[in-house]
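The structure appears below as structure tokens.
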Amino acid sequence: MKKTLLVLVVALVGTAAFSQAGSGFGIKAGLNYNGNGDYFDDAQSVFENPDRNAGFHIGVYGKLGNRIYVRPELVYTNTTSGYNEGDLKIQKLDLPVLVGTKVIGPLHVFLGPSFQYLLNTKFDDVKFDDVENDFTVGLNIGAGVNLGKFGIDLRYERGFSENEVRFINSNITTLNGDRVDTRPDQLILSFSLKL
């Protein structure tokens, strides 16, 4: 009985893993969590104010290949980074171009550059100079699981360079002088559906 159940489970997992095999496209959406400053030092603030640095994303993706694949995505992202003085709100378009490989069964890993274009940046009622660069490049690295047409992945994102805004005529003194980086580290949880 146990052997039959084990064979059945392996067969179902294998079928689910291979049913999303091959090239295709789909939709995705999920949650983002930003880190201000040193991402891993911010762990305590996650427990104190879990919604303070939360955001969301929604978009589309394509997949070329099977065992080794290329997966370009076009994603609208809306993030909030909470500071004592207020919230930095960012709206942007992300274009990750990921290269991945299947590891075992439905598990896959990936990495690649993420090209980003800032649509809108706002820090509550504080005025600031234009962002240094509307277009920046970062890196995504992560892992995911595909079960049939459904997928879930978790990735870490970091910009290759800082992209700061400078405050004008402000009394803000605790934010690294009068500047804030618009490229915070992020943990991104995504759910996808292959169409």
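This chain uses plain numbering: 1 for the first residue, then up along the sequence. Note that the structure is a prediction, hence the values are computed from the model and not measured.
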Donor-acceptor pair, side chain of Asn34 and main chain of Thr80, under 3.5 angstrom
yes

Same hydrophobic cluster for Leu95 and Phe135, using side-chain heavy-atom links shorter than 4.5 Å among ILVMFWY?
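Yes, it is one cluster - the side chains of Leu95 and Phe135 are joined through contacts under 4.5 Å.
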
Contacts of Ser190 that satisfy side-chain hydrogen bond (donor to acceptor under 3.5 Å, both in side chains) - sequence neighbours left out:
Lys28, His57

Would a 4.5 Å heavy-atom cut-off, applied to side chains only, mark [X] and [Y] as touching?
X: Lys92; Y: Val75; answer: no
X: Val70; Y: Leu98; answer: no
X: Asn120; Y: Ile90; answer: no
X: Pro96; Y: Arg155; answer: yes
X: Gln186; Y: Thr79; answer: yes
X: Tyr61; Y: Ser192; answer: yes

Given Arg158 and Leu139, is the side-chain contact (heavy atoms from CB on, under 4.5 Å) satisfied, shown in steps?
CA-CA 5 Å; Arg158 178 61 185 149; Leu139 175 71; 5.6 Å; no

Give the minimum heavy-atom separation between [X] and [Y], together with the two atoms involved.
X: Ser114; Y: Gln116; result: OG-NE2, 3.6 Å
X: Gly24; Y: Lys194; result: CA-CE, 4.0 Å
X: Pro113; Y: Val137; result: CB-CG1, 4.4 Å
X: Gly65; Y: Ser23; result: N-OG, 3.1 Å

Mind checking side-chain contact (heavy atoms from CB on, under 4.5 Å) for [X] and listing every partner two or more places apart, or none if nothing turns up?
X: Leu195; answer: Phe25, Ile27, Leu193
X: Tyr76; answer: Phe56, Ile58, Asn78, Gln91, Leu93, Leu119
X: Ile152; answer: Val145, Leu189, Phe191

Starting at [atom1] of [X], measure out to [atom2] of [Y] and round the result to the nearest 0.5 Å.
X: Asn140; Y: Ile188; atom1: CG; atom2: CD1; answer: 5.5 Å
X: Thr136; Y: Phe115; atom1: OG1; atom2: CZ; answer: 10.5 Å
X: Asn32; Y: Thr77; atom1: CG; atom2: OG1; answer: 5.5 Å

Donor-acceptor pairs under 3.5 angstrom involving side-chain atoms of residues 103-111: please list them, not counting sequence neighbours.
residue, atom, partner, partner atom, Å
His108, ND1, Tyr69, OH, 2.7

